[in-house]
Structure formats: C-alpha cells, structure tokens
J.: 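Sending over a structure as structure tokens; questions will come in a sec.
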Amino acid sequence: RMNTSKIANMAYWLVSIIAMVVILWYGKNILIPFVLALILWYLKRQLRLLISKIKFRGEPLPLWLGHTLAFLFLFILLAINVEIIYASIQGIHETIPVYESNISIVQHKLDKAFNIDLAAWLIAHPVNGFLMDFLKTVLNSLAAILGKGFIILFYVIFLVLETKVFEDKLRAMYQDENKYKEIIKLLHKLDKSLSKYLVLKTLVSLLTGILSYVVLAIIGVDFALFWAFLIFLLNYIPTIGSLVATLFPTVIALLQGGSFSHALMVLAGIGVIQLLVGNFVEPKVMGNSLNVSSLVVILSLILWGTLWGIIGMIIAVPMTVILIIIFAQFPASRKIAIVLSKDGIID
C-alpha cells in the first residue's frame, strides 16, 4: 500500500497543478501583457549587448546610451508593426465584399472541375458569414494585443529598472553562499536557454517573413506585407504555425481573383520557403539547444493554446524549456524533467 508521504506528495502536486491552471486562466489579462513584455525585454537585452560591442574612439558606448538605442529600435519596430496592422485591417475590411463576390466564381470552377455540388453546403453554411467572422477573429486578436501596447512597454521599463537591484535582492534572500550560487547558476541557465531560443527563433522567423513577402509581392497578393507579418508571427508556433501561415495567403490569393493558378503559386512558393527554412536553416541554426520531446511540444501547444490562445501557443516552447530546467534542479521533480526532455538527458 502507498504510504502516507506518497499520498500527500501526489495530493500536493495535484493541488499545485490545479491552482496553477486556475491562476493562468483567470489572470491571463494581467499575465499575457507581462509575458509579452518579458519577451521584449529579452530582445532589448540582446540588442543592448550587441550595441555594447560598438566602439566610439576606441571606447565602448556608455551603458545608458546602449539602453536608449535598444529602446528606440524596439519602439520604432513596434510603431511600424502597428501601422502595418491597422492599415491592413482597414484595407481588408474594405476588400471583404470583393472576396465574398469571388466565392461564387470559385464555387463554379470547383463544380465544373470536380463535378461536385457545393450549393447545398453553401446554403447550410453561409460562407459570407464564415469569412467575415474568421477575418474579424484574427484581426480583433491582433488589435487586442496592440491595444495593450502601452501596458507592455510600461512593464518593459520596470523590468529594466528591476534588473539593476535584482541580484542584490537575491543575495539578501539567500545568505548561504552555496545556496546563492545555486540560484545564480539556475537563473543563468534559464537566461542562456531563453535568450538563445528567442533570438535565433526571431531571426529564423524574420527570414521566413522576408522571403514570403518577396514571393507574395511578386505574385501580387493583396496586403502582402501584412500576410508576411502574420507568417513571421505564426512561425513561432512549432509545426501548426507554419501550416496555418501557408494557408492564410493561399486562401486570400484564391478569393482575390478567383484563380486557382495564383493560389497554387502562393501555396508552392510559401510552402517551399517553409520547407527549406524549417528543415534545413532552422535545425542548422538552433542545433540541439531545445531538449524537449516532440510529443510534449504538441501537448504544450494544446494546453497553452487552450489557456491563452495564439499567444499561449507562441510561448508554449519557451515555457516548457523553463519547466524542464526548473524541475531538473530538485530531486522530487527531476523525473518529470526527464519525461519532458527529448532524450532523457537533462544535465
């Protein structure tokens, strides 16, 4: 029979998991902006480290100037993204009637090419309403994120200020030198893993977005810059993101002119880019830096996607990496880290 300690341990983990899920669900309006701010803080930190390598008259730039330039770069980048998204939202809403009118053309071509009758399905499932609702959901999600831009920037500023005194607080919390060194080692390991993942994944996603924009612009797809931005964003989501990112502009190309040839060109062009970057460039750049099981990645996508939607799916991988590193530090949770890892080696 199970002894009392084992039952108590299982109960502790069960209650902890339930409490964590409840906090993540009901506190998402506060936690999501903070997590996004943390991601921006990591990117700003890497920019500042890159800027610190620049020398003026043989001397590195002052620390305050490095922070200012990094903040300025991020602010300009965010402002450009906001302008692109809002302009695209307005343009897409104006163009929706054209897309809807081309649905009948696509239907006729499908009926003729494959000898199938879509009329009954279209009557039972009005595509006009479906298309409008689908686009509204995507655009409203982006608008909601941008609407919290000020709060996110506010968090980033305070994260920068907190960094200066965080180590002093840790030393005050952990008087024992060995314990303090263990905590610092854990934080450095988390920092190294997350920074490497975010920077490399951002560069890979940026490459995918730029190449996709070139293909979409050459073919002549409406709002090519917006769809390229979505491809860049969705590329953070493993496996599922690349598939959805390919389908988005393909459907728009089909509805734009009712031409299957344009849609096939977009599907082939974006698909080849996703294939080359995902199977050759990204593994070469990322290497084996993420020791996470493929099954665990899929399960974490489902879990975080259910809790936090698109944002949850984007942060699913780094959050899993954090859990593995933390669980590996304690004997009671070390076995969980081994199960979550890719090869069972967590040291």
Side-chain angles (χ1 to χ4, degrees), residues 16-49 67-68 70-79 81-82 85 140-170 173 183-184 186-202 205 229 232-238 241 290 292 300-327:
S16 299
I17 292 172
I18 294 174
M20 184 61 66
V21 171
V22 171
I23 292 171
L24 291 173
W25 175 257
Y26 287 101
K28 59 184 176 182
N29 290 331
I30 298 174
L31 294 174
I32 288 177
F34 180 77
V35 171
L36 292 175
L38 194 60
I39 292 173
L40 289 177
W41 174 77
Y42 265 108
L43 293 176
K44 194 260 349 158
R45 184 170 175 270
Q46 294 303 313
L47 280 173
R48 202 267 304 166
L49 292 174
H67 282 296
T68 303
F71 261 120
L72 185 62
F73 180 83
L74 277 180
F75 181 79
I76 293 174
L77 189 63
L78 290 174
N81 288 331
V82 168
I85 292 172
N140 288 340
S141 298
L142 288 173
I145 294 173
L146 294 177
K148 297 177 181 177
F150 178 77
I151 298 176
I152 294 172
L153 186 61
F154 192 72
Y155 282 152
V156 172
I157 293 173
F158 276 89
L159 281 171
V160 172
L161 296 176
E162 186 68 20
T163 305
K164 298 179 181 179
V165 296
F166 183 67
E167 190 170 341
D168 294 334
K169 290 183 178 180
L170 280 179
M173 291 170 60
I183 296 297
I184 291 296
L186 173 61
L187 292 176
H188 284 171
K189 190 173 182 179
L190 287 170
D191 177 54
K192 183 179 179 180
S193 297
L194 292 179
S195 297
K196 184 177 181 180
Y197 172 78
L198 287 174
V199 171
L200 294 180
K201 190 66 175 179
T202 299
S205 300
F229 172 77
F232 161 78
L233 191 64
L234 293 175
N235 201 62
Y236 283 92
I237 303 175
L290 295 179
V292 184
S300 65
L301 285 176
I302 296 173
L303 173 62
W304 285 100
T306 302
L307 291 174
W308 285 3
I310 295 294
I311 299 300
M313 298 179 78
I314 291 174
I315 67 168
V317 173
M319 290 301 293
T320 306
V321 172
I322 291 175
L323 290 176
I324 291 175
I325 294 175
I326 293 177
F327 285 161

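Heads up: numbering here begins at 1 and tracks the sequence.
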J.: Looking at Ile30, I'd like to know if its CD1 atom is crowded, meaning that more than 12 non-hydrogen atoms belonging to other residues, nucleotides or ligands lie closer than 6.0 Å.
T.: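 Not buried by this count: 12 neighbours or fewer within 6.0 Å.
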J.: So how far is it from His188 NE2 to Lys192 NZ, rounded to the nearest 0.5 Å?
T.: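 So the NE2 of His188 and the NZ of Lys192 are separated by 11.5 Å.
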J.: Using every non-hydrogen atom in the two residues, find where Ile322 and Leu190 come nearest and quote the distance to one decimal.
T.: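 Answer, listing the atom of Ile322 first, then Leu190: CA-CD2, 3.9 Å.
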J.: Between CG of Leu301 and CD1 of Ile237, what distance do you get to the nearest 0.5 Å?
T.: 7.5 Å
J.: Excluding sequence neighbours, so at least two apart, what forms salt bridge (charged side-chain N to carboxylate O under 4.0 Å, His left out) with Arg45?
T.: Asp191
J.: Where do Tyr197 and Val317 come nearest, in terms of heavy atoms and distance?
T.: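 Tyr197 and Val317 have their closest heavy atoms at OH-CB, 3.7 Å.
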J.: So which heavy atom on Arg48 is nearest to which on Ala70, and how close?
T.: N-CB, 4.1 Å
J.: Just how far is it from atom CZ of Phe158 to atom CH2 of Trp41, taken to the nearest 0.5 Å?
T.: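 Phe158 atom CZ to Trp41 atom CH2 measures 16.0 Å (nearest 0.5 Å).
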J.: Hey, what do you get for CG (Leu74) to NZ (Lys44), rounding to the nearest 0.5 Å?
T.: 8.5 Å
J.: Determine the minimum heavy-atom distance between Ile39 and Ile315, stating which atoms define it.
T.: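 Scanning both residues completely, I find the closest heavy atoms to be CD1-CG2, 3.8 Å.
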J.: Enter the distance from Ile32:CD1 to Leu307:CG here, rounded to the nearest 0.5 Å.
T.: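 Spacing of CD1 (Ile32) from CG (Leu307) equals 9.5 Å.
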J.: So, for Ala37 and Val156, which heavy atoms are closest and what is the spacing to 0.1 Å?
T.: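 In this case the closest contact between Ala37 and Val156 is O-CG2, 3.5 Å.
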J.: Please verify the inter-ring angle class for Phe232 with Tyr236; under 30° counts as parallel, over 60° as perpendicular, anything in between as tilted.
T.: perpendicular
J.: Are any of the side-chain heavy atoms of Tyr155 and Leu40 separated by less than 4.5 Å?
T.: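 No, too far: nothing below the 4.5 Å cut-off.
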J.: Surrounding CZ of Phe71 (heavy atoms of other residues, nucleotides or ligands, distance under 6.0 Å), is the total greater than 12?
T.: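 Atom CZ in Phe71 is crowded, with more than 12 foreign heavy atoms closer than 6.0 Å.
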J.: Working to the nearest 0.5 angstrom, can you tell me the gap between Tyr42 OH and Leu159 CG?
T.: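 These two atoms lie 10.0 Å from each other.
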J.: Looking only at heavy atoms, what is the nearest atom pair of Pro33 and Ile152, with distance?
T.: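 Taking Pro33 first and Ile152 second, the nearest heavy atoms are O-CG1, 3.7 Å.
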J.: Test your reading of the model: is there a side-chain donor-acceptor pair from Trp308 to the backbone of Leu24, 3.5 Å cut-off?
T.: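 Checking the backbone N and O of Leu24 against the side chain of Trp308, a donor-acceptor pair under 3.5 Å is found.
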